[in-house]
Amino acid sequence: MTDEEKIAEMAKRTQRMADDKAWIFEAIPEVFPEKHGGQQVRGRLTAVVKATGLTREYVARIRDGKVKPS
């Protein structure tokens, strides 16, 4: 692979990472039913933390709409 091809691949992968991050930030609030008038699901925060590798505080802030993807 040439250097130019590697740079082009970096650009594609960087965009994919940004798209994935945006999807995760959209999905997090959706998996908390209490945010949509439903009943709170026990252990949901822990499950999302485990699935994403993010901290509990950060997931809670995303869930509450206090953090947007950058």
Side-chain angles (χ1 to χ4, degrees):
M1 184 179 278
T2 68
D3 290 347
E4 288 75 19
E5 290 170 330
K6 288 178 184 173
I7 291 168
E9 184 66 22
M10 286 179 205
K12 285 188 344 190
R13 289 176 185 239
T14 299
Q15 184 59 55
R16 188 174 5 176
M17 287 176 9
D19 294 344
D20 288 347
K21 184 176 181 181
W23 185 89
I24 290 168
F25 273 63
E26 277 183 37
I28 286 175
E30 294 173 2
V31 300
F32 289 93
E34 66 271 20
K35 293 307 214 176
H36 311 286
Q39 293 284 74
Q40 185 174 9
V41 176
R42 185 175 172 91
R44 183 58 50 95
L45 181 61
T46 300
V48 173
V49 166
K50 186 181 274 189
T52 62
L54 302 172
T55 66
R56 293 176 70 81
E57 178 186 354
Y58 200 52
V59 170
R61 292 181 66 208
I62 297 167
R63 175 197 63 199
D64 297 341
K66 296 179 181 176
V67 178
K68 302 290 182 204
S70 51

CZ of Phe25 to CG of Leu54, rounded to nearest 0.5 Å, is 7.0 Å

pair Glu34-Val41: side-chain heavy atoms closer than 4.5 Å
no

To the nearest 0.5 Å, what is the distance between CD on Glu26 and NZ on Lys21?
13.5 Å

Examine distances only and state if a side-chain atom of Arg56 and a backbone atom of Leu45 form a donor-acceptor pair shorter than 3.5 Å.
no

Pair Ile62-Phe32, side chain to side chain contact (heavy atoms under 4.5 Å, CB included): steps then yes or no:
CA-CA 11 Å; Ile62 297 167; Phe32 289 93; over 6 Å; no

Does Thr52 form a side chain to side chain contact (heavy atoms under 4.5 Å, CB included) with Tyr58? I'd like the steps, not just the answer.
CA-CA 11 Å; Thr52 62; Tyr58 200 52; over 6 Å; no

Once rounded to the nearest 0.5 Å, what's the spacing between atom CZ of Arg61 and atom CD1 of Ile28?
12.5 Å

Interatomic distance, CZ@Arg63 vs CD@Glu30, rounded to 0.5 Å, equals 14.5 Å

Point-to-point distance, once rounded to the nearest 0.5 Å, from OG1 of Thr14 to NZ of Lys12
11.5 Å

Indicate yes or no: does Glu9 engage Lys6 in a salt bridge with an N to O separation below 4.0 Å.
no

Would you say CD of Glu57 has more than 12 non-hydrogen atoms from neighbouring residues, nucleotides or ligands within 6.0 angstrom?
no

In this structure, CD of Gln15 is separated from CZ of Arg13 (nearest 0.5 Å) by 14.0 Å

Ignoring hydrogens, what is the shortest heavy-atom contact between Pro33 and Gln39? Give both atom names and the distance.
CB-O, 3.4 Å

